[in-house]
Number of protein chains: 2
Amino acid sequence: MKNTKDQISDILRSSHLSVTDTRVKILELFMKSNGALEHSDFEKKLAGQAFDRVTIYRTLQAFIDKGIIHKIPTTDTSVQYALCRSECSAEDHHDHHVHFKCEECGNTLCLDDTDIPAIQLPKGYAAHNIEVVVSGVCKHCK
Amino acid sequence: MKNTKDQISDILRSSHLSVTDTRVKILELFMKSNGALEHSDFEKKLAGQAFDRVTIYRTLQAFIDKGIIHKIPTTDTSVQYALCRSECSAEDHHDHHVHFKCEECGNTLCLDDTDIPAIQLPKGYAAHNIEVVVSGVCKHCK
DNA sequence: TATTTATTTGCAACATTGTTGCAAATAAAT
DNA sequence: ATTTATTTGCAACAATGTTGCAAATAAATA
């Protein structure tokens with residue numbers, strides 16, 4: 001059984017990204033976290049550890065480009081990021097699961113086993129991607 | 001049949017908001033538009049007409065608070081706003097319709113007649129609100 | 001392993017977006 | 001017409017996101 005560091009190196013290498021401190025650290029945080037993270041979370045969690053704001057932006061963008069993480073839509077100006085499952089690739093982010101935002105703890109979760117139902121669009125509309133974000137109370141807060 | 005200005009005054013008054021130039025102008029833009037609008041749209045459309053940035057922020061927030069408009073989630077830092085239908089109120093934004101973002105024209109539309117299907121959440125999760133944003137190609141761009 | 005090459009990082013500077021307090025202007029109430 | 005309450009615009013600030021470039025680091029090569 002591989003340790004986390006090795007897993008992370010593998011993910012980076014298979015995405016053709018060099019293995020650097022920042023990238024390892026950020027992926028570690030994703031793997032430790034049970035929910036989505038946003039940019040400011042990284043600035044907080046990495047505070048004092050001398051990771052530049054700009055580097056965090058660029059790292060997250062690189063992970064998006066390579067299909068390692070995906071964005072979750074929000075109604076505010078924050079951008080939530082979560083790890084993709086293994087099936088995702090750079091070209092095709094098929095994260096066909098529901099996202100859940102808990103109004104109590106504020107956490108956003110990927111409900112990996114909750115499928116997105118088919119939606120009957122009006123005539124003339126073609127769907128490429130469907131995002132579902134449910135808000136409410138999660139099982140830990142109820 | 002009432003004209004738009006009168007309709008707008010009615011909406012504002014019934015929400016207990018004073019009828020001011022900025023509010024009328026912004027509601028007009030919403031009524032003219034066939035899709036969602038974001039803050040920067042107003043800065044552009046109202047450019048030269050001496051409406052302060054801050055006033056636009058406060059106007060949009062007031063409209064949200066009164067249930068006149070609602071936000072549509074996005075995966076970027078923009079915030080999209082669209083008119084609510086008459087059934088919405090300050091306490092209850094029940095906009096149970098699907099939102100559609102066209103990848104061609106960039107427009108975001110409310111598909112008012114497309115219902116959001118029921119979603120079976122895992123045990124322990126309680127849903128208060130469900131947001132569905134479909135992206136693809138709209139009927140005008142196909 | 002040492003050296004070269006390619007990539008990534010941190011810094012500085014800047015652009016954009018969102019917020020707050022307060023006096024002046026405007027709308028509503030009297 | 002006057003008073004009262006609300007809204008606006010300005011200034012100043014805070015937070016967030018972007019770009020160019022030299023220095024640092026990782027990967028590739030010898």
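Computation of the quantities below employed the complete heavy-atom set of this structure, encompassing side-chain atoms and omitting hydrogens, waters and symmetry-equivalent molecules.
- A donor-acceptor pair under 3.5 Å links the side-chain atoms of A/Ser9 to the main chain of A/Lys5, judged by distance alone.
- Residue B/Ala118 comes nearest to A/Pro117 through the heavy atom pair O-CG, 4.2 Å, listed as atom of the first residue, atom of the second, then distance.
- For A/Ser18, the listed nucleotide lying nearest its side chain is C/dT8; candidates were D/dT18, C/dA27, C/dT8.
- Between atom CD of residue B/Glu131 and atom CD1 of residue B/Ile116 there is a gap of 6.5 Å, rounded to the nearest 0.5 Å.
- When distances run from any side-chain atom of A/Val54 to the nucleotides D/dT7, C/dC11, C/dT17, the shortest one goes to C/dC11.
- Rounded to whole Å, the distance from NE2 on B/His39 to C1' on D/dG17 is 16 Å.
- Going from atom CD of B/Glu38 over to atom C1' of C/dT16 covers 12 Å, rounded to whole Å.
- Looking at A/Arg53, its side chain comes within 3.5 Å of the base of D/dG17 through a donor and an acceptor atom.
- Contact annotation for B/Ser40: no contact, since no heavy-atom pair falls under 4.0 Å across all strands.
- Whole-Å rounding puts the A/Ile56 CD1 to D/dT16 P distance at 12 Å.
- Across the strands present, C/dA2 finds its partner in D/dT29; the criterion is a Watson-Crick or G-U wobble pair with both atom distances under 3.5 angstrom.
- C/dG18 atom P lies 10 Å from atom CG of A/Asp76, rounded to whole Å.
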| query | Are A/Lys142 and A/Glu104 close enough, and set up right, to give a salt bridge (Lys or Arg N to Asp or Glu O under 4.0 Å), and what steps lead you there? | reply | CA-CA 9 Å; A/Lys142 102 175 306 187; A/Glu104 294 287 325; over 6 Å; no
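- Counting to the nearest Å, the P atom of C/dT26 and the CZ atom of B/Phe51 are 12 Å from each other.
- Separating the CD1 atom of A/Ile64 from the P atom of D/dG17 is a distance of 13 Å, rounded to the nearest angstrom.
- When each of D/dT7, D/dA27, C/dT9 is scored by its nearest atom to the side-chain atoms of A/Thr20, the top-ranked nucleotide is C/dT9.
- B/Tyr125 and A/Phe100 have perpendicular rings, their planes meeting at more than 60° on a 0 to 90° scale where under 30° would count as parallel.
- Base pairing of C/dA29 is made with D/dT2, judged by Watson-Crick or G-U wobble geometry with both donor-acceptor distances under 3.5 Å.
- Heavy atoms of A/Arg58 sit under 4.0 angstrom from at least one base atom.
- In this structure, CD of A/Gln80 is placed 13 Å from P of D/dT16, rounded to the nearest angstrom.
- As the counterpart of D/dA11, C/dT20 is assigned, both hydrogen-bonding distances of the Watson-Crick or G-U wobble pattern falling under 3.5 Å.
- Distances were taken from every side-chain heavy atom of B/Asp52 (C-beta onward) to each of D/dT7, D/dC10, D/dA26; the shortest belongs to D/dC10.
- Across the interface with DNA chain D, nearest-nucleotide mapping of B/Thr59 and A/Leu17 shows B/Thr59 to be the residue nearer the 5′ end.
- Between the CG atom of B/Leu60 and the C1' atom of D/dT7 there is a distance of 15 Å, rounded to whole Å.
- In this model, the phosphate group of D/dT8 is approached by a side-chain N or O of B/Thr22 to a distance below 4.0 Å at OP1 or OP2.
- Of the listed nucleotides (D/dG9, D/dT18, C/dG18), D/dG9 has the atom at the smallest distance from the side chain of B/Thr55.
- The aromatic ring centres of A/His70 and A/Tyr81 sit 6.0 Å or more apart.
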